[in-house]
Enquirer: 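Attaching a single structure in structure tokens format; questions to follow.
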Amino acid sequence: MFYSGEVHPFRLPVPSLWLDIFQKIRSMGYTGVSFYIDWALLEGTPGTIRASGVFALEPFFDAAQKAGIYLLARPGPYINAEASGGGFPGWLARLPGRLRTADAAYLNASDLYTSVIGAKIAAAQITHGGPVILFQPENEYTSATRGVPFPDPIYMRAVQAQYRRAGITVPMVSNDAGIKGNNAPGTEGGLDIYGHDGYPLGFNCAHPDNWPKGNLPTNWRDMHYQISPATPYAIPEFQGGAFDPWGGPGYEKCAQLVNHEYERVFYKNDISFGVTIFNLYMTYGGTNWGNLGHPGGYTSYDYGAAITEERGINRTKYSEAKLIANSILASPAYLSAFAEFGTNGTFVNNSALSITRLQGSDVQTQFFVIRHTAYNSKKSEPYRLTIPTSAGTMRIPQAAGALTLHGRDSKIMVTDFDLGGINILYSTAEILTWQKYTDRTILVIYTGSNEQHELAITESTLGNASTVDVDPRFIEGAGESVSAASTENGHVVLSFKSAAQDRIVRVANLYIHILDRDSAHKTWVLPFTPDAPTSASVPYYIQPGVSNAIIHGGYLMRTAAVIGREMALTGDIDRTTTIRILGGAPRPLTALYFNDMRTPIPFEQDEATGIVTAELEFREPVIKLPKLSKLQWYTVDSLPEVSGNYSDAGWTPATMTNSLNPRRPTTPTSLYASDYGYHAGSILYRGHFRGNGRESSISLTTQGGSAFGMSAWLDSTYLGSWRGHPDAEAHNSTFSIGPQTAGSPHVLTVGIDHMGLDENWNVGADQMKKPRGILDYKLAGHAATDVSWKVTGNLGGESYHDHARGPLNEGGLYAERAGFHLPSPPVNGAGWRASAGPTEGIARAGIALFTTSFNLDIPAGYDVPLSLQFKNGTGGEVPAGSTWAAYRAQVWVNGWQFGKYVHTLGPQTRFPVPEGIWNYRGRNWVAVSLWAMEEGGAHVEGLELVAGQAVQTGLGEVKVVESPGWKGREGVY
Ligand code: GAL
């Protein structure tokens with residue numbers, strides 16, 4: 001089973017944190033990770049691939065292997081992914097051909113990327129001892145505009161050939177947008193394995209409790225049998241959260257929409273279809289740092305995922321997902337099971353409930369997945385089952401009373417479930433895991449609250465049946481709540497109600513741990529590393545039923561190793577914590593280590609059960625953060641363009657008359673940023689003309705993508721701004737101006753905030769080519785040709801300067817062109833002055849850059865999430881339709897743009913920045929650009945550094961990424 005979480009390395013540009021994410025996913029019981037690669041970040045300069053530093057893939061592969069994670073590689077070239085251009089570099093906007101088609105221009109343009117990246121992935125395939133076992137070329141090749149051949153087998157064959165030529169030999173899987181059958185094996189241009197995705201609750205997080213009627217998929221298994229019966233059922237993307245647009249409700253709402261109840265109902269529904277390649281998108285979302293996102297989203301890509309943007313695992317959905325994955329991991333029979341019977345009411349006596357049966361093809365095990373017929377029901381429904389078992393058809397529970405399904409829930413119940421020789425005849429309580437150790441077998445099951453359950457064991461499989469003994473000494477806790485009886489027809493039947501306390505029932509050599517769900521959430525199943533964790537470089541992968549430790553407690557358990565009679569664990573704690581090693585500790589255990597492999601910690605081992613109890617001591621860290629508002633800042637004007645004596649001699653003349661853009665320019669020369677090599681951040685224009693006395697107004701149609709903003713100046717006079725709206729990708733502005741003296745020279749300066757390029761979802765529409773810049777202008781009293789334009793974006797355009805941070809991190813503001821957002825800018829140089837910082841603001845419409853530096857000294861051994869928090873009028877989120885003073889800000893930490901803040905739109909005000917971008921034990925630079933879009937200027941109400949929940953961690957050293965500082969740049973203008 002490839003049970004996987006989606007992670008994008010490019011959304012966490014700190015390679016030494018990748019192991020953290022992999023371990024957190026591995027500790028959920030997942031066996032895999034799927035990842036995209038963002039072409040736009042690697043080939044900013046056409047013809048040159050830069051895949052080193054934070055963009056290198058090898059450290060990602062190494063970390064996966066170290067954590068025991070298999071990989072599904074999805075390098076596109078088209079990825080979608082809420083990335084700028086859907087992963088397409090901006091220069092593709094100039095391509096004389098259609099994107100994602102067999103047009104030679106497109107295939108040639110993608111040849112270099114696919115060959116270089118393909119070869120790197122090929123070297124990491126399992127056939128070369130690496131972690132990559134599956135490959136997805138293209139993404140959601142599912143629909144096209146009219147007139148474009150689709151699906152085009154020639155194109156799909158060409159993309160496959162690009163990667164096969166690069167050495168990819170593992171199977172190739174598709175990712176159809178919805179189960180439509182495109183590129184199924186056996187069709188022209190088809191792939192090895194058919195796969196499709198699904199986002200049943202969609203992407204509006206505003207009403208997180210609303211599960212619309214009919215949104216639970218019901219026909220997927222049937223469809224898969226029709227489309228590709230001979231390949232494993234693959235869902236390469238299933239909704240694990242949702243993205244959120246500018247002005248949206250915020251990611252906590254998305255985490256509520258796609259919460260633990262969603263996981264129970266929807267993930268188990270996919271399991272009822274027999275899915276065996278299953279990837280949850282996203283499992284860790286990360287950050288759209290440095291302009292890498294599309295215009296439909298803001299800086300955070302938290303996604304409401306199981307692991308938060310700050311790498312936290314405190315959402316219940318993390319723990320719930322862990323239960324579901326572990327139950328499948330513990331069920332080898334699932335892999336060969338068929339859901340042949342569809343939803344069938346005959347197994348249950350309540351029509352408000354539906355059951356899908358999965359039946360093993362070569363073993364007797366059956367899985368019964370129960371849910372509400374109206375999947376979104378919040379009712380409690382009692383039920384009894386009538387189901388076939390190896391002991392004949394049984395009515396369950398056998399005891400009086402009924403089972404219950406409470407609210408938004410779904411359960412996987414089993415019959416004839418093999419515990420390495422012991423047969424569980426049936427269990428209505430869900431299985432978390434089981435392990436067979438040399439002296440005993442442990443089974444961990446769990447209940448929801450206020451439930452009754454029954455579990456039966458076939459006596460003859462318990463070894464020497466005559467010695468079967470349900471030992472009341474081992475019924476810990478509320479003993480009354482478990483009753484056990486041997487029936488006449490050869491079963492041991494346990495009946496029990498849910499209880500807050502954990503209970504252990506011993507039947508012969510089988511130890512059954514009965515937990516309630518909250519307690520189950522705290523349980524970890526860890527494969528033993530073959531070596532002490534400190535030296536664990538050997539890959540270790542999961543094998544169901546053998547060689548795993550079962551541990552209860554702790555914020556996170558990462559690894560477990562047994563060396564002789566000693567045991568070593570690594571993990572994270574957020575408080576002093578008692579852990580219990582339920583299974584896997586040697587008997588007797590002679591030493592126990594946690595994180596620190598030199599000093600053993602005290603523990604107790606119970607004689608009878610072998611359970612080890614130990615207290616992990618949390619030492620409160622002292623975290624001192626500077627108050628940013630109290631620091632010395634420096635500021636420099638970042639709009640010298642309007643100051644009169646400015647020279648734009650170094651700017652790019654916008655003289656192109658032969659633009660290949662699908663939107664044919666309606667201006668005398670193209671004013672599209674992509675035609676001149678500018679693809680990210682702010683774009684600035686200078687329009688020169690001579691007065692004739694007939695001027696009265698200037699109209700501008702500008703386009704920067706959803707939520708963009710713009711400002712305009714005539715000479716040094718501010719004309720006005722468009723403050724932006726989430727639904728407006730373009731805007732018409734008209735500014736009145738007075739008549740100008742005949743023959744006098746004038747310049748119009750226009751700044752446009754580029755929000756990223758559109759995605760390119762529909763083949764043929766070439767949406768990523770949608771221009772950014774000035775679409776039209778009208779200077780009243782003049783012919784259009786009276787104005788001659790110049791343009792700039794980031795310094796150097798596609799010959800960008802900052803190879804460490806990639807092609808998108810810088811925009812076209814003067815301060816960015818000069819590199820003043822980088823560490824150690826020349827704050828004593830001309831034009832700079834001391835300042836109180838961004839809260840001081842600027843007194844008129846314009847742009848300024850503020851910078852400061854300070855030392856951090858965060859104690860080692862702790863994972864402390866740090867964020868930059870913008871304070872605003874209410875101290876909370878930006879209200880919808882806010883009329884607050886219009887300004888836009890960008891924040892750089894050590895030169896990395898980790899925040900783009902639009903004061904009038906929000907919703908994001910807190911910007912997490914990972915350790916490694918921060919130097920936790922050294923000097924740090926924070927820079928803020930402030931673009932005031934109000935006549936009277938604007939200021940930031942507050943900006944502070946804030947720490948989240950600190951955990952004492954077993955992760956190990958986080959290396960600070962290479963962050964080159966400011967150097968005088970040649971040709972800065
Ligand atoms: C899918 C797509 C992903 C991502 C997702 C929504 O359709 O394949 O790349 O965009 O939607 O988050």
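Small disclaimer: the values here were computed from a predicted structure and weren't measured. The first residue in the sequence is number 1, and the count goes up from there. Start at 1 and go down the list; that is how both ligands and their atoms are numbered.
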Enquirer: When you compare the side chains of R663 and Y672, does any donor N or O come within less than 3.5 Å of an acceptor on the partner?
Expert: yes
Enquirer: Which ligand 1 atoms, with their elements, are less than 4.0 angstrom from a heavy-atom of I79?
Expert: 9 (O)
Enquirer: Using distance alone, determine whether W761 and ligand 1 share an N or O pair under 3.5 Å.
Expert: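 No: no nitrogen or oxygen of W761 is under 3.5 Å from one in ligand 1.
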Enquirer: Does one side chain, of N376 or R408, offer a donor that lies under 3.5 Å from an acceptor on the other?
Expert: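 Checked: N376/R408 side chains show no N/O donor-acceptor pair below 3.5 Å.
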Enquirer: If the cut-off is 4.0 Å to any non-hydrogen atom of N139, which atoms of ligand 1 fall inside it?
Expert: 2 (C), 8 (O), 9 (O)
Enquirer: Pull out every atom of ligand 1 sitting under 4.0 Å from any heavy atom of Y199, numbered as shown with elements.
Expert: 1 (C), 5 (C), 11 (O)
Enquirer: Using 4.0 Å as the upper bound for N to carboxylate O, is an ion pair formed by E798 and R94?
Expert: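 Yes, this pair counts.
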Enquirer: Hey, which atoms in ligand 1 end up nearer than 4.0 Å to a heavy atom of D197?
Expert: 1 (C), 7 (O), 8 (O)
Enquirer: Below 4.0 angstrom from a heavy atom of F243, which ligand 1 atoms are there? Numbered from 1 as shown, please.
Expert: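 It comes down to these atoms of ligand 1: 6 (C), 12 (O).
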Enquirer: Sort out for me which residue in E309, E310, E252 forms a salt bridge (Lys or Arg N to Asp or Glu O under 4.0 Å) with R910.
Expert: E310
Enquirer: Assess whether a salt bridge exists between D753 and K900, defined as any Lys/Arg side-chain N lying under 4.0 Å from an Asp/Glu carboxylate O.
Expert: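 Here D753 pairs with K900 in a salt bridge, since their nearest N and O are under 4.0 Å apart.
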Enquirer: Does an N or O anywhere in F203 fall below 3.5 Å from an N or O of ligand 1?
Expert: no
Enquirer: Is the contact between E237 and ligand 1 made by the side chain, the backbone, both, or neither, using heavy atoms and a 4.0 Å cut-off?
Expert: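 The answer is the side chain of E237.
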Enquirer: On a heavy-atom basis, I'd like to know which of Q136, E140, R74 is closest to atom 7 (O) of ligand 1.
Expert: E140
Enquirer: Indicate whether any N or O donor in one side chain lies under 3.5 Å from an N or O acceptor in the other, for T142 and D176.
Expert: yes
Enquirer: Does this structure show an ion pair linking R315 with D302, if we count only N-O contacts that are shorter than 4.0 Å?
Expert: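 A salt bridge links R315 with D302.
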Enquirer: Decide, yes or no, whether a salt bridge links R164 with D192 under the criterion of side-chain N to carboxylate O below 4.0 Å.
Expert: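 Yes, this pair counts.
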Enquirer: Quick check on contacts: which atoms of ligand 1 are under 4.0 angstrom from a heavy atom of Y303?
Expert: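 Going through ligand 1 atom by atom, the ones under 4.0 Å from Y303 are 6 (C), 12 (O).
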Enquirer: Out of E82, Q239, H294, whose heavy atom sits nearest atom 4 (C) of ligand 1?
Expert: E82
